[in-house]
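So the structure is just underneath, and the comments pick up after that.
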Amino acid sequence: MLTLAAVAEDPLVLTRRLNLKDGSDVVFRPLMHTDAERLAAFLEGLSAESRRLSTFDGYDLEAARKLCDAIARYDKLRLVLEDVLSGRIVGLVEFSLDLHPADIARYQEAGIHLTATDCRFGPTLSDDYQGRGVGTQIFPLIADVARHFGRTRIILFGGVLVDNPRAVRYYKKHGFQLVGSFTGSDGAQSFDMILDLHPLSGQ
Ligand SMILES: CC(C)(COP(=O)(O)OP(=O)(O)OC[C@H]1O[C@@H](n2cnc3c(N)ncnc32)[C@H](O)[C@@H]1OP(=O)(O)O)[C@@H](O)C(=O)NCCC(=O)NCCS
């Protein structure tokens, strides 16, 4: 089973290359310390609407450096999607291997007991990569990352805003089940959703 330290030491263990439907090649790989500037360009490029749907602590070089400094230091695993030709980061997928007490309590209310074999995840693509099926193409790789860490279920990191129909459709399409809804500290309504991961055939 992989650990965050093992991934930081050898990011190639989770590095996968993919040919997108438009013919371009992308690499899905762990975030690395050398990514700060390219990650800053990704964050800076996110539109106001993308920032509303997927919130980060900041959208500049300082924020990007913090994410790079956090590699293998906390419970988070961050992977990026990189366009091979340009070297541009066009997506960021965040995993949290620790559960938040508030999540545990909300899921418990819905009759779901979260355990150490569950994890949280949240995806964000650059505006120009959204709505083109790219999230769908990388979803099997996302599920594999969770499996490599011995996780059997994935919940949404912070839920998904009720008024984010594309993301809701995306999660449902990949097998996530609706658990319930909750109101965030900013008054916005979000859904909790959970996915049961099936072992890969042959495993
Ligand atoms: C959420 C996200 C990762 C999904 O990736 P994606 O590549 O855009 O998704 P896909 O194109 O693979 O799939 C989207 C699905 O939603 C559908 N869809 C698109 N717009 C929709 C809308 N307004 N209402 C309902 N469904 C919609 C698409 O048709 C597609 O379904 P289909 O394959 O059955 O036709 C990406 O859009 C993103 O980064 N969004 C901004 C940040 C965000 O919302 N992150 C999630 C936070 S919880």
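One is the number of the first residue; the rest follow in order along the sequence. This is a predicted model, so every value here is computed, not measured. Counting starts at 1 for both ligands and their atoms, in listed order.
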| message | Would you say CD of Q189 has more than 12 non-hydrogen atoms from neighbouring residues, nucleotides or ligands within 6.0 angstrom? | response | yes
Going by side chain to side chain contact (heavy atoms under 4.5 Å, CB included), name the residues that satisfy it together with [X], two or more places apart in sequence or in a different chain.
| X | answer |
| --- | --- |
| L53 | E49, L161, N164 |
| Q130 | S50, L125, D127, R166 |
| H33 | I71 |

Table of N or O contacts for ligand 1, cutoff 3.5 Å:
{"unit_1": "ligand 1", "atom_1": "7 (O)", "unit_2": "V134", "atom_2": "N", "d": "3.4"}
{"unit_1": "ligand 1", "atom_1": "7 (O)", "unit_2": "G135", "atom_2": "N", "d": "2.7"}
{"unit_1": "ligand 1", "atom_1": "8 (O)", "unit_2": "G131", "atom_2": "N", "d": "2.7"}
{"unit_1": "ligand 1", "atom_1": "11 (O)", "unit_2": "G133", "atom_2": "N", "d": "2.9"}
{"unit_1": "ligand 1", "atom_1": "12 (O)", "unit_2": "T136", "atom_2": "N", "d": "3.0"}
{"unit_1": "ligand 1", "atom_1": "12 (O)", "unit_2": "T136", "atom_2": "OG1", "d": "2.5"}
{"unit_1": "ligand 1", "atom_1": "31 (O)", "unit_2": "R169", "atom_2": "NE", "d": "3.4"}
{"unit_1": "ligand 1", "atom_1": "33 (O)", "unit_2": "K173", "atom_2": "NZ", "d": "2.5"}
{"unit_1": "ligand 1", "atom_1": "34 (O)", "unit_2": "R169", "atom_2": "NE", "d": "3.1"}
{"unit_1": "ligand 1", "atom_1": "34 (O)", "unit_2": "R169", "atom_2": "NH2", "d": "2.5"}
{"unit_1": "ligand 1", "atom_1": "37 (O)", "unit_2": "R166", "atom_2": "NE", "d": "3.2"}
{"unit_1": "ligand 1", "atom_1": "39 (O)", "unit_2": "L125", "atom_2": "N", "d": "2.7"}
{"unit_1": "ligand 1", "atom_1": "44 (O)", "unit_2": "N164", "atom_2": "ND2", "d": "2.8"}
{"unit_1": "ligand 1", "atom_1": "45 (N)", "unit_2": "P123", "atom_2": "O", "d": "2.9"}

| Do we see a donor-acceptor contact under 3.5 Å between the side chains of T15 and R29? | no
| request: Show your working on side chain to side chain donor-acceptor pair (under 3.5 Å) between S24 and D22 and close with a plain yes or no. | output: CA-CA 6 Å; S24 64; D22 67 4; 2.7 Å; yes
